Structure formats: C-alpha cells, structure tokens
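Values below: all heavy atoms of this structure, side chains included; hydrogens, waters and symmetry mates excluded. Keep in mind that this is a model prediction, so the values were computed, not measured.
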Amino acid sequence: MNQDKKPYLIDAIAGNSRFLASLGRTGRLFRLWWPHIDYPQHVDEIRTGLFIDGMSNETSWFDSSEDGWQHAAGYVDRTNIFRVKSKSTQLPIAVESLDYAVPQEDIYVRHYRLTNHGTEPVSFQFLYYSSFRSMETSYYHTTQFDESIDALTHMRHAYIFSLSSSNVCTGYQAGHAWSSAQMGILNGNQIDMTPDGALSWRFNDVQPGETAELPVYIAAGSTRQEAADVLIKAKSMPASHWYELTVSYWQQFLANTVPAPKASDAIRELYERSLLTMKLMSDESSGSVVAAPEFDEGFTRCGGYAYCWGRDAAFITTAFDRVGLTDLSTRFYEWTLTAQDADGSWQQRHYHDGRLAPSWGLQIDEGASILWGMWQHYSHIQDPAFAERVWPAVAKGAGFLVSFLDEETGLPAPSRDLWEERLAEHTYSAAAVYGGLTAAAAFAQLRGFETEAAAWTKAAEGIQHAISERCWNEDRGSFHRGLKLAVSEQDYREANASGVSTSIAVNAKGYPSFMLEHDSILDISLLGISVPFGAVSINDPKMVQTAEAIELALTVPGVGGIKRYENDHYIGGNPWILTTLWLSHYRIARGQYDEARTLLQWAVDHRTEMGLLPEQIDKVSGETAWVVPLTWSHAMFILAVSMLSEVDQLQATITTNVEKIQ
C-alpha cells in the first residue's frame, strides 16, 4: 500500500450508512466503501485538477498543497456534508467543493464551484482522474467510457461505479490515464482492462467574478444497468435538489434526537457532530456498528479498525439510547443474533454480515458486553417483543459464560484482554461477565424462567466475590489487572528467580504455558469493575483507591489526558480520549463534578480541526495521533455529557476552536 495515497490519519468522513467516504482537508477522497461501511473499499486513487489555458504546462491538482493551493475546510453546519474552499496563490480559479452521499440513494455527490478571482477571462479544463480497485484488489478490473450515459464506468464483479456529471464531458480516457490527465490531453480510449481512467470538462471564457458549476456523481450498482439507472436518476435532478434533500435529512435527523444540552458552543457542536458521526458508523443494511473507518488496510501498524466489536458497540448503543437513537440500538442487537456462534459465544470482532473478522482469539468481555448492552437497551425501550426476539441468544450466551468459569479462581478462564494484547483472567473481563450474567438473569426473570435466573445470579455473585477476594492488590492499593497472566518463557524464568509467584500449565498436546500469578499493572479498564458493570460499588474503598491510583499513574505529564495503562507502547503510549472520559464517568458517578468537567474539557479541547474525536493524542505535541474518528470516543463523550446534564452539572466552560462552516 502506498501510504502517500492512503494516509493513516484522515480529516473528515461523509456518507449515508451505505456509502462511507474518508477525505483529507484538501478535499481529496482517499477511500470509499459501498454497499457496506466496513467492506469492501473500492478507491485506489481519485484526483481533481485544473489545466488553465496559457498558464499551465500540466494539470494543477487542487486537492494537494502544490502550486500554492491553500484550503479551508469544515462541515456544513449540522450536516455530514464536507466543504472545502481551495484557492491558489498562483492561479486565478478558486474551487469550492461539497462532498456528500444522498440519503437512501446509491449516489455520492462531489459538487464543484469554480470561480474566476482574476481580472481577465479564463478558459480551462477540469480533470477528474479515478482509479477504482474494487474489493481491495488490483486484479480483474475493467474501465469503460459509456457514450449512452456520458460516463466513465469502473467494473469488477458485483461492484460497478459510473462517474459522470449533468455537464457533458469534453474528454475521456479508459486505462493508463494518469500521465494523460497530468498533461491535460485525454486520448479517447474507450475500454481497458485496467482500474483507472479520466474525464475532462472544458470551460471557456469564464469572466472575472463568474462561477461555473460542475456536479460529479458517483453512482453505484451491482450490475452495469443498475449503476447506469442510478446515474440517470442523479442527472435527472439539478444538483441543488440533492443538496437541499441532504441538508434537510441531516437536520431532521438531529431534530429527532435528544437536543444538545445547555452548555458552551463547543460542547453543543461536538454533541451534534458526535451524533452525525455515530450515524455514519452504523451500517444501514445490517445494523452493525464499526469502530472506525479503515485506515490501515495493509495492517502495517495495527490489526485494522473497520470491524464490529461487541464491547465497543455496547458502549455506543448505550449512548444511542441516551440521545433517542433507539432504532439504531435495536437494529444492532438484532444484528448480534447473526454473529453468535453455535456454542453461545461471540467472537472478538465481526464483519457487517456477522462473519468472523481477523482475530487474535476469544475475548470473553465481548459477548458479555453484548448481553449487558441488550438489557440496558431493553430497560430503555421496555419493548416485550425485543426481549422475546433476543431471549434465545441471551440464554445461549449466558450458558457459555457460565461454562467458561475457572473453578479454581471463580473468574472467567483466560482470554484476551479488551486491548487484545495479553492472555489472562482479566479483572475487567470478569466484571463484564458479571454484568452479562446479571443482565441475562434479569431477562430470565422477565420471561418467567426462575431456575435460569437463579443460576445466573448465583454465578454472577460468585464472580463478584472472586473479584473482591482474589483481585485486590494491597501493595499497590488497587485491583490487580488480572490473574494467570501468560508470559514468555524468559519472562517466566526471570520472575521465578526474583520470587514472583508463577505457574506452568500444559495443554493436551504437551505445550506449556508460562504464567505469572498476578498482573499488577494499573489499567484504566479497572474502572469498568464499577462503571459501567457495577461488580464493585463506586464508593467501595477499594474502588476509590483504585481510581486514585489510576489517575496518579496514568495522567500524562504536560499534555494531560489518561493513557490506557502503565508502560503502554502502542503508537508510542499516548493518552486516549475514551480513557480520559472513562475516568470522567467514574467521577460523575461519585459526584466529583469539577474533576469530571476537567476531564471532559480535555477531550473537547483535543477534537480535530473538523470537530471529530480521535482515539489518541500525541503525548508530546498534543496533536491527533491515531484513528479518526473513533466511534467509541464519540460515544464516551455523549455519555459523559448526558450524565452531567442529568444532574444539572454540565457547565458551559469550554470555548470553541473549530471553524464553523456556514
């Protein structure tokens, strides 16, 4: 993967929950997903430029910083429409672009307004280069110019994209088009078994102060005819129709949610941007919710993010419910029924169709969180039909959780931790299982299954007792992160030599596993014991001590914010938005509102230029470090704001640093 084409950090997203696009602040479109938001991704490279008569030796690509191009970017107020204003210090044509997907349509719009800011008439070509590697592969593509619809069509298997405008193009080239597009001369080749092509439109004698318009449509279909029909529909209406429809849709979407609470402009703006962003992360067809738009498809620095994690989604759907997006939560939990394994478990992460995504192994907190989230959702909507639909999955899921308990410790057996980095009997995972079994028992009680309710309650109480008795670390004044931590043989031998409690387990094939009896690292997830799962009271002295130890050990000097755990090395070991907000949640639950607002303010202050919440903030510079946007970050913000608002403790103390696009 060419990382120049595909940067890790993007600036904006647009879409309609069937299209999802990631873009840069220059207006460059880096990735485009359809008809689902996680897979497949189709764009290799798309570029837009101008070739100005008498001034250009080659095309000036205004979606870059070359040729003096400068950009001002932001969202159209209260929408998912991304606007970029591009102006060059060297060229007289300024460009304003609007990127959006039309709601409930397979139409993606890229609308350009081209204004002559010079003192003389200008003639120029607009060049649009597109390379589609549908299904994320370079093989078996066809690109063709279709004269009947005046469109460049990219084809592979069941993914067909037709590009055109209501303006008739003046040039085209199918195949090997990049060098031709750079020179502003397309050769008219009509079809090629390559992924790329280009279109051009000519504008003659644009007068000083005059604006020319060019709406470019990307129409998608599973056959050539479907894509052509969508394109014909797109061109049948003026671009203003699609724009006004889209603006109305997003503003009505916000009107149907719980209004932003009385707070500062910054909080209200981020509140609404969070709702708009989380909607784009919910797949329209399946109901699954992805963690983030994929940005590392080559797995060069991580294991990928465009998947559905049950744990993330349990937090996200709880936020959905708080703001009135209950239909999105219902559809997610109906989706979970398609993702559950026959034994009742849910695996680490899934694609939109419920199939297993690339995995490091079972995380017992994932399925437990789904059960917990199901009950949170039912408690909010009070719909008996929902409880009836999910009951078979709840019963199987609870049965699996009980079967997974370690008789020796009373905790869930070793599995991957929530950060997917280590194998142990994690205290956080145990609390999640407690929450899942408690939720299952509540469903059983609701349905009249007293025997199951009693058994699952007893199992949950056993985990609660084990956490309190086995997981407390008196030496550090905090809970252990876990028990039976798997380590390398070398680490085992060094620990054994220094007197640390260790053990060895041998599996059925004779392979040994080396373990430390305790994992005493301070980790933000230990707050989950109390918030949200309630396995230990928020006011329990052990929990209070743990929270204090976490804040002391994990607050990052200088930049501030809370990192995940001691000695974290992932992407340099930075503070995260969601971890900082997690501590805010605990402070709110404890009535420590000043501390909670300070943590909330840190998160708001570290949103991106476009008002999105990343995963991490660089521990030195304070700039965005990794993953934009992270759905879980936005959900934790919504939850913190809602929790403070409910107790009338949300003070308007935060000032905005995001340019608003009117």
Side-chain angles (χ1 to χ4, degrees), residues 4-5 7 9-14 21-30 45-77 79-100 108-130 165 167 170 181-184 198-216 239-240 243 247 608-612 624 656-662:
D4 292 334
K5 288 183 181 180
L9 294 179
I10 56 94
D11 294 287
I13 58 172
S22 65
L23 304 106
R25 69 178 315 278
T26 66
R28 187 167 167 184
L29 194 159
F30 293 118
E45 186 172 22
I46 290 180
R47 301 300 306 274
T48 48
L50 302 174
F51 191 101
I52 301 177
D53 293 3
M55 301 184 68
S56 299
N57 294 319
E58 59 182 31
T59 298
S60 178
W61 303 103
F62 60 81
D63 58 4
S64 75
S65 298
E66 298 175 357
D67 297 333
W69 285 105
Q70 299 173 346
H71 308 86
Y75 284 100
V76 174
D77 193 32
T79 75
N80 274 315
I81 300 173
F82 185 55
R83 173 184 285 163
V84 178
K85 296 179 180 179
S86 306
K87 192 172 183 178
S88 173
T89 58
Q90 302 174 23
L91 301 172
I93 300 297
V95 184
E96 180 183 344
S97 63
L98 296 167
D99 265 80
Y100 59 94
Y108 189 88
V109 181
R110 312 198 74 199
H111 190 169
Y112 301 93
R113 295 189 177 101
L114 313 162
T115 301
N116 181 1
H117 284 288
T119 59
E120 300 292 334
V122 178
S123 297
F124 60 91
Q125 287 188 87
F126 184 104
L127 278 298
Y128 195 98
Y129 172 82
S130 56
S165 172
N167 302 29
T170 51
Q182 284 183 301
M183 299 309 298
L199 294 171
S200 65
W201 291 266
R202 184 157 188 83
F203 296 88
N204 291 318
D205 294 323
V206 177
Q207 298 299 308
E210 184 180 359
T211 296
E213 301 212 16
L214 179 69
V216 176
S240 60
Y243 177 78
V247 168
T608 70
E609 181 186 5
M610 305 307 155
L612 301 174
T624 297
T656 183
N657 63 3
V658 177
E659 177 184 1
K660 185 188 292 185
I661 303 297
Q662 300 296 331

- [ ] Would you check, one step at a time, whether the test side-chain contact (heavy atoms from CB on, under 4.5 Å) holds for Val206 with Phe124?
- [x] CA-CA 9 Å; Val206 177; Phe124 60 91; 3.7 Å; yes
**Prompt:** Aromatic rings Tyr112 and Tyr128: how do their planes relate, parallel, tilted or perpendicular, breaks at 30° and 60°?
**Reply:** perpendicular
#### Entry: Exam field: side chain Gln207 to backbone Asp205, donor-acceptor pair closer than 3.5 Å
yes
Residues Ala94 and His117: closest non-hydrogen pair is CB-CD2, 3.1 Å
Residue set satisfying side-chain hydrogen bond (donor to acceptor under 3.5 Å, both in side chains) with Thr115, at least two apart, ordered chain then number -> Thr211
Distance-only, no hydrogens or angles: does the Tyr75 side chain make a donor-acceptor pair with backbone N or O of Met610 under 3.5 Å? no
Taken to the nearest 0.5 Å, the spacing of Ser97 OG from Arg83 CZ works out to 9.5 Å
- [ ] Please answer whether the main-chain N or O of Gly118 pairs with a side-chain N or O of Asn116 as donor and acceptor at a distance below 3.5 Å.
- [x] yes
Value for CG (Asp67) from CE (Met55), rounded to nearest 0.5 Å, stands at 10.5 Å
query = Hey, does the side chain of Asp11 reach the backbone of Arg25 with a donor-acceptor pair shorter than 3.5 angstrom?
reply = yes
Review point. Is His71 reaching over with its side chain to a backbone N or O of Phe62, donor-acceptor style, under 3.5 angstrom?
Key: yes
(Q) In the structure I gave you, are the side-chain heavy atoms of Lys85 and Arg113 within less than 4.5 Å of one another anywhere? (A) no
Query - Heavy atoms from other residues, nucleotides or ligands near CD of Glu66 exceed 12 (cutoff 6.0 Å) - result: no
Query raised in the report: Checking Ser22 side chain against Ile13 main chain: does a donor-acceptor pair fall under 3.5 Å?
Result: no
Taken to the nearest 0.5 Å, the spacing of Phe51 CZ from Phe126 CZ works out to 15.0 Å
Exercise for the section: Report the C-alpha separation of Leu98 and Phe82 in whole Å, then their side-chain angles, then the decisive distance to 0.1 Å, and conclude whether the side-chain contact (heavy atoms from CB on, under 4.5 Å) test is met. Expected result: CA-CA 6 Å; Leu98 296 167; Phe82 185 55; over 6 Å; no
One should read off an interatomic distance between Thr170 OG1 and Phe203 CZ, to the nearest 0.5 angstrom, of 8.5 Å
TODO: Determine yes or no for a side-chain-to-main-chain donor-acceptor pair under 3.5 angstrom, with Ser165 supplying the side chain and Pro215 the backbone.
DONE: yes
- Query: Is the backbone of Asp63 close enough, under 3.5 Å, to the side chain of Thr26 for a donor and an acceptor to pair up by distance?
  - Reply: yes
**Item:** Donor-acceptor contact below 3.5 Å, side chain Trp61 vs main chain Arg47
**Value:** no
- Is Leu50 close to Leu91 at the side-chain level, that is, under 4.5 Å between some pair of heavy atoms? no
Could you go through the side-chain contact (heavy atoms from CB on, under 4.5 Å) check for Thr59 and Tyr129 one step at a time?
-> CA-CA 11 Å; Thr59 298; Tyr129 172 82; over 6 Å; no
Residues Arg202 and Ser123: closest non-hydrogen pair is NH2-CB, 4.0 Å
_What verdict does the side-chain contact (heavy atoms from CB on, under 4.5 Å) test give for Tyr100 and Val247, after you've listed the backbone C-alpha separation in whole Å, the side-chain angles of each residue and the deciding distance to 0.1 Å?_
CA-CA 10 Å; Tyr100 59 94; Val247 168; over 6 Å; no
Closest non-hydrogen atoms of Leu23 and Gly27, given as atom of the first, atom of the second and distance, are CD2-O, 4.0 Å
Verify the neighbour count for atom CG of Asn57: are there more than 12 heavy atoms of other residues, nucleotides or ligands below 6.0 Å?
-> no
So CD of Glu96 and CG of Leu114: to nearest 0.5 Å the spacing works out to 10.0 Å
Value for CD (Gln125) from OG (Ser56), rounded to nearest 0.5 Å, stands at 9.5 Å
Looking only at heavy atoms, the pair that brings Ile93 and Trp69 closest together is O-CH2, 3.2 Å
Heavy-atom closest pair (Ala21 atom, Tyr108 atom, distance to 0.1 Å) is CB-OH, 3.5 Å
